[in-house]
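Written below as structure tokens is the structure these notes are about.
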Amino acid sequence: MITAIVHDQLRELAITQPTTTRIVACQGAVQLASGIAAMWTTSGRTVENPSLQNHLVIHDLSAPETQAVEFADCIEQLAGQVERWQSVHFLTLGDTLEMQSQLGDKQQSPTQLLEAKLGIRHCAELYVGQNNKWIPTWLRKATPAATHVCFGDGIALNFTNSYYRPKEFNFAQNPPTWRGRIARLCRKGVPRLLSRSEESCSSETDFNSHCLLLKNLFDEQLDRVELIDRSLFIEQFEKYGDSFAARAPVAHAGLSQLAASAGKTAILLTSNFSETGRMSLASEVQGYCELLQAMPQGDNTTLVIKPHPRDSYEKIELLRKLASRWYGQCIALSDPWTFYLPFESLYVRYFGPGSGSARETHVATVSSACISLEYLYGQRCVQGFGDSFVDRHFSQLWRPLRKLHERDLLNIVARLRNKNTTKARISQAAA
């Protein structure tokens with residue numbers, strides 16, 4: 001009875017209040033969780049305020065061409081499990097090129113194109129990641145009166161736009177002579193002379209606010225940050241797994257049977273290094289095989305391979321065939337649904353301490369997934385390829401950045417672990 005009265009009051013309130021339109025733009029499933037968590041933190045949930053109207057823009061998935069639609073469909077379905085959406089749009093590369101042409105020919109203004117392409121006339125709040133891809137840049141120009149909120153990248157983390165760009169990184173680490181600077185100025189103009197530190201200082205003023213899970217872990221230092229409670233991510237990852245049995249029944253049956261059995265599970269989280277040209281396919285697969293040597297192996301151990309959503313199916317199958325010789329069983333989560341899910345949603349359901357699994361779980365990762373697993377669930381990971389492998393196999397352009405990133409991840413996880421240990425000791429002392 002009380003619940004019905006509350007819903008009636010909310011409906012009456014929605015009639016008297018003007019609609020607040022919010023746009024979330026994301027490039028993947030984890031970024032979706034970050035955008036929604038930032039939206040909830042900033043202005044609440046639609047279920048609590050029916051005057052809120054949400055629009056989702058999926059862009060720049062960077063998946064292999066034949067997999068982009070599957071990836072976008074997964075993101076759309078996950079979004080619908082945790083929020084209400086007035087519209088969902090997947091902007092392909094073709095869409096982006098067409099829109100760039102329309103703006104370049106001055107056929108429409110950015111705001112006019114927003115209404116023509118997405119049917120959105122007004123926007124009060126815009127939530128985008130931190131990188132300067134064309135779609136989020138256009139959305140910001142198209143919504144000058146909106147509050148622009150940045151939710152970082154990955155699981156709502158912040159770093160400068162040069163952090164993953166080798167040319168800018170090398171420029172910052174080895175600045176040219178004054179003669180070189182003058183030549184560069186003539187070619188590119190003053191904005192291109194920004195150093196890494198100058199870019200870090202200027203980025204804070206680009207947004208009205210930053211809404212992050214963890215701040216200033218990498219090279220960017222922001223002062224004005226609204227922090228997201230970790231429970232908002234934990235909640236979303238749990239809900240993302242609700243439709244797993246229906247959408248991937250074979251994988252669900254296999255993982256359920258695995259969780260109920262005794263033994264050890266070695267989980268490998270891959271990334272898309274060969275797909276992005278950072279090293280060859282053969283080198284990447286060899287790197288994972290070497291990484292697995294630091295993990296449990298044998299007949300009593302099952303290997304689970306969780307692909308990065310931007311991996312290719314062919315790479316995962318090759319890796320499965322090579323790695324299966326060291327394990328009693330090898331499961332590659334490469335069906336068209338599991339492939340794109342955040343690993344965290346599978347972890348809480350089949351592998352984590354609260355899943356009811358009887359198995360000992362070990363995880364190896366080469367990405368920032370180690371941060372979310374450590375911070376949200378206390379799961380330790382075997383991390384990275386190591387400097388020697390990077391020097392031998394990564395392309396020369398990417399080596400310095402890759403080694404820096406692996407060192408950053410090791411240091412960040414160590415700090416998070418020490419902080420959690422200290423909190424646990426304080427809690428035990430208080431008890």
Side-chain angles (χ1 to χ4, degrees), residues 26-33 58 61-64 66-82 90 154-155 233-234 236-261 265-272 275 285 288 292 302-321 323-324 327 329-352 354-357 359 361-367 369-370 372-373 376-377 379 381:
C26 73
Q27 296 177 250
V30 174
Q31 289 87 344
L32 170 71
I58 304 168
L61 294 184
S62 301
T66 58
Q67 298 170 209
V69 173
E70 290 178 349
F71 194 4
D73 176 68
C74 179
I75 294 171
E76 179 177 355
Q77 299 304 318
L78 295 178
Q81 291 179 204
V82 295
F90 171 38
I155 188 163
F233 283 94
I234 293 173
Q236 287 189 80
F237 290 142
E238 289 178 351
K239 287 185 177 179
Y240 288 169
D242 287 348
S243 61
F244 186 68
R247 289 188 169 271
V250 175
H252 168 68
L255 293 180
S256 297
Q257 184 178 10
L258 179 66
S261 63
T265 302
I267 303 171
L268 175 63
L269 309 183
T270 62
S271 193
N272 57 334
E275 289 83 0
V285 172
Y288 294 135
L292 289 174
T302 295
L303 174 64
V304 176
I305 302 173
K306 172 59 178 77
H308 188 284
R310 296 178 178 89
D311 282 337
S312 68
Y313 283 116
E314 293 76 15
K315 180 179 73 180
I316 298 304
E317 178 59 18
L318 174 60
L319 177 60
R320 185 195 66 79
K321 289 181 178 178
S324 60
Y327 299 91
Q329 182 184 13
C330 182
I331 301 173
L333 300 175
S334 54
D335 64 87
W337 178 253
T338 316
F339 200 99
Y340 307 103
L341 282 181
F343 172 70
E344 292 86 349
S345 62
L346 300 174
Y347 178 84
V348 298
R349 183 165 290 261
Y350 302 103
F351 306 111
S355 65
S357 173
R359 301 179 69 84
T361 299
H362 300 260
V363 181
T365 178
V366 291
S367 71
C370 59
S372 62
L373 290 173
L376 298 180
Y377 308 109
Q379 174 64 52
C381 298

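Because only heavy atoms are used, hydrogens play no part in the values below, and waters and symmetry mates are left out as well, while side chains stay in. It should be emphasised that the depicted structure is a prediction, and the values quoted were computed from it without experimental measurement.
- Residues Thr270 and Leu319 meet the side-chain proximity criterion, which asks for heavy atoms closer than 4.5 Å.
- Looking only at side-chain heavy atoms (C-beta outward), Leu268 and Lys306 stay at 4.5 Å or farther from each other.
- Using a 4.5 Å cut-off on side-chain heavy atoms (C-beta onward), Phe237 and Ile155 make contact.
- Under the 4.5 Å side-chain criterion, counting only non-hydrogen atoms from C-beta, Phe343 is not in contact with Leu333.
- The shortest non-hydrogen separation linking Trp337 to Ala248 is CD1-CB, 4.3 Å.
- Judged by distance alone, the side chains of Arg247 and Gln77 do bring a donor and an acceptor atom under 3.5 Å apart.
- Note that OH of Tyr347 is 7.5 Å distant from CD1 of Ile267, once rounded to the nearest 0.5 Å.
- Put simply, the side chain of Ile234 reaches to within 4.5 Å of the side chain of Glu238, judged on heavy atoms.
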| task | Using the side-chain contact (heavy atoms from CB on, under 4.5 Å) rule, take Leu258 and Arg359 through it: C-alpha gap first, then chi angles, then the decisive distance, then the call. | result | CA-CA 8 Å; Leu258 179 66; Arg359 301 179 69 84; 3.4 Å; yes
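- Residue Ile316 holds its CD1 atom at 7.5 Å from OG of Ser334, rounded to the nearest 0.5 Å.
- Atom OG in Ser243 sits 11.5 Å away from atom NE2 in His252 (nearest 0.5 Å).
- To the nearest 0.5 Å, the span separating CD1 on Ile331 from CZ on Arg320 amounts to 11.0 Å.
- Side-chain contact check for Gln27 and Ser62: no donor-acceptor pair (N or O, by modelled atom type) lies under 3.5 Å.
- Ring to ring, Tyr377 and Phe351 are not that close: their centroids are 6.0 angstrom or more apart.
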| Run the side-chain contact (heavy atoms from CB on, under 4.5 Å) check on Tyr350 and Ser357 step by step: do they pass? | CA-CA 6 Å; Tyr350 302 103; Ser357 173; over 6 Å; no
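- For the atom pair CD1 (Ile75) and CG (Leu32), the distance works out to 7.0 Å, reported to the nearest 0.5 Å.
- Atom CD of Gln329 and atom OG1 of Thr302 lie 4.5 Å apart (nearest 0.5 Å).
- When side chains are defined from C-beta on, Leu255 counts as touching Phe244, because their heavy atoms get closer than 4.5 Å.
- A donor-acceptor contact shorter than 3.5 Å is absent between the side chain of Lys315 and the backbone of Pro307.
- With no hydrogens or angles considered, no side-chain donor-acceptor pair links Tyr313 and Glu317 at under 3.5 Å.
- Taking 4.5 Å as the limit, some side-chain heavy atom of Ser271 sits within range of a side-chain heavy atom of Tyr288.
- In this structure, the side chains of Val366 and Leu269 stay at 4.5 Å or more apart for every pair of heavy atoms.
- When all heavy atoms of Gly241 and Ser345 are compared, the closest pair comes out as N-CB, 4.2 Å.
- Looking only at atom types and distance, the side chain of Arg349 has no donor-acceptor partner in the side chain of Ser355 under 3.5 Å away.
- Side-chain atoms of Glu275 never come within 3.5 Å of backbone atoms of Asp311 as a donor-acceptor pair (strictly under, hydrogens ignored).
- Looking only at atom types and distance, the side chain of Tyr240 has no donor-acceptor partner in the side chain of Gln81 under 3.5 Å away.
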